[in-house]
2 protein chains.
Amino acid sequence: MNIKQELTTVIKKAGLRMTPQRMAIYQLLADSHTHPSAQMIYQSLQAEFPSLSLTTVYNTLETLVELGLVNELGAVGPDGVRYDADTQPHVNLACLNCHKVIDLPSIYVSELNQEVAQNSGYQVRGSRVLYYGICPDCQEKGYV
Amino acid sequence: MNIKQELTTVIKKAGLRMTPQRMAIYQLLADSHTHPSAQMIYQSLQAEFPSLSLTTVYNTLETLVELGLVNELGAVGPDGVRYDADTQPHVNLACLNCHKVIDLPSIYVSELNQEVAQNSGYQVRGSRVLYYGICPDCQEKGYV
DNA sequence: ATTACTGCAAAAGATTTGCACTAGG
DNA sequence: CCTAGTGCAAATCTTTTGCAGTAAT
């Protein structure tokens with residue numbers, strides 16, 4: 001299913017309204033692999049969408065997280081909370097030095113997801129499976 | 001090994017100094033299962049340690065995370081960043097409604113840890129394996 | 001005796017709030 | 001037409017920073 005249809009379906013099902021802002025923000029998140037913060041999203045959309053406000057970015061991210069379309073990774077370094085539209089089971093890795101966040105495929109996360117969903121009693125909405133440390137590049141540069 | 005000795009050993013090995021503040025903060029974290037924020041730690045230690053400052057709590061938490069003694073779970077609800085002194089492999093579960101954070105033992109997290117340590121190329125310092133959703137209590141109260 | 005650590009006050013920044021206006025259905 | 005959603009300005013609150021005094025080794 002394509003991104004636009006998916007968002008529209010979920011939004012409607014929840015009794016919410018489809019707006020150009022929501023579409024642009026979700027599209028950007030789905031296309032990007034940089035795990036952006038609200039600020040980064042806001043800046044990336046400035047050119048294409050000059051009237052967009054930071055408030056709307058925050059509102060929309062909150063909505064998307066509640067709908068389970070986006071995972072909230074928490075803050076990484078000084079850049080604020082990062083978001084990830086890839087809700088497929090995978091691991092995120094953050095560098096404590098350069099604050100880059102990357103994806104790592106994992107054969108165990110799927111099992112972990114199932115384990116949590118079944119054993120916790122929680123109605124799970126999303127997850128933060130994020131490891132932090134020093135990335136290979138920064139290790140080479142002497143940040144150990 | 002007991003908590004005090006463990007902290008002293010790691011602190012010394014890193015060339016840092018042992019202080020009553022660091023001991024009190026680490027002790028509190030190790031004893032508590034509430035995954036407190038800096039503010040919560042500060043308030044909890046007020047009675048026992050009136051001269052303690054919030055700045056020192058932040059400094060100490062940063063140090064403990066760098067030493068690998070404490071995991072930073074990221075922000076949960078409006079209470080700021082939460083910390084966990086249990087670095088044994090386990091899963092944290094946060095409620096989107098009441099913001100309680102609990103531990104969930106898991107048979108898969110250990111394998112996940114090893115997988116990440118071995119395949120990522122990162123020098124791993126800590127992790128955030130945190131799922132969020134609605135806890136059983138809040139589900140009963142109608143927050144679905 | 002050195003210098004890392006603490007604690008205060010002020011600053012910085014991310015996120016939230018209140019409210020009038022706009023636009024989706 | 002109705003009300004959810006947007007955008008602006010201001011407020012809030014966590015976290016950071018600079019610096020002088022204190023204490024660990």
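Residue numbering restarts at 1 for every chain, and letters A, B, ... go by the order of the sequence lines.
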Practice prompt. May I ask you to check whether D86(A) and H35(A) show a side-chain donor-acceptor distance below 3.5 Å?
Written response: no

Worksheet item: What is the distance from CG of L45(A) to P of dG7(D), rounded to the nearest Å?
Response: 11 Å

Worksheet item: Between dA14(C), dT25(D), dG24(C), which one does the side chain of Y58(A) approach most closely?
Response: dA14(C)

Discussion item. Measure CG/L54(A) against C1'/dT15(C) and give the value in whole Å, please.
Written reply: 9 Å

Worksheet entry | Side-chain donor or acceptor of R128(B) paired with backbone N/O of E72(B) under 3.5 Å | yes

Discussion item. Any base atoms under 4.0 Å from T19(B), or only sugar-phosphate, or nothing? Heavy atoms, all strands.
Written reply: sugar-phosphate

Item to complete: Report yes or no: is there a donor-acceptor pair, N or O only, under 3.5 Å between the side chain of S53(A) and the base of dC8(D)?
Response: no

Practice prompt. Taking only the side-chain nitrogens and oxygens of K12(B), find out if one of them lies under 4.0 Å from OP1 or OP2 of dT25(D).
Written response: yes

Worksheet entry | L16(B) vs P50(B), nearer the 5' end of DNA chain C by closest nucleotide | L16(B)

Fill in: Pairwise distance CG(L61(A)) to OH(Y83(A)) - rounded to 0.5 angstrom
5.0 Å

Practice prompt. Quickly work out the I11(A) CD1 to dA4(D) P distance and round it to whole Å.
Written response: 14 Å

Worksheet item: Atom CD of E72(A) to atom C1' of dT15(C): distance rounded to whole Å?
Response: 12 Å

Worksheet item: Counting only side-chain N and O atoms of T56(A), is one of them less than 4.0 Å from OP1 or OP2 of dG7(D)?
Response: yes

Worksheet item: Quick one: which of dT15(C), dG5(D), dC8(D) gets closest to the side chain of T55(A)?
Response: dC8(D)

Discussion item. Output the rounded distance in Å from CG (N59(B)) to P (dC19(D)).
Written reply: 16 Å

Worksheet entry | Between C1' of dT22(C) and CG of L52(A), the distance in whole Å | 15 Å

Response to the item:
Q39(B) atom CD is separated from dT14(D) atom C1', nearest whole Å, by 7 Å

Worksheet entry | V129(B) with V81(A), same ILVMFWY side-chain cluster at under 4.5 Å | no

Response to the item:
Bend of the helix from dA1(C)-dT25(D) to dG25(C)-dC1(D) from end-axis comparison, five pairs per end, nearest 10°, comes to 50°

Worksheet item: More 5' along DNA chain D: M18(B) or G80(B), using each one's nearest nucleotide?
Response: G80(B)

Discussion item. What contact category does S51(A) fall into here, base, sugar-phosphate, or nothing, at under 4.0 angstrom with non-hydrogen atoms?
Written reply: sugar-phosphate

Fill in: Below 4.0 Å: OP1/OP2 of dG5(D) and any side-chain N or O of R22(A)
yes

Worksheet entry | Value in whole Å for how far the C1' atom of dC21(C) lies from CD of Q21(A) | 13 Å

Item to complete: Examine L29(A) and L69(A) and state if one hydrophobic cluster contains both, with Ile, Leu, Val, Met, Phe, Trp and Tyr joined whenever side-chain heavy atoms are less than 4.5 Å apart.
Response: yes

Worksheet item: How close do Y122(B) and G133(A) get, heavy atom to heavy atom, and via which atoms?
Response: CD2-C, 4.2 Å

Worksheet item: So, the side chain of E115(A) versus the backbone of V109(B): is there a donor-acceptor pair under 3.5 Å, distance only?
Response: no

Worksheet entry | Side-chain donor-acceptor contact under 3.5 Å, T56(B) with Q21(B) | no

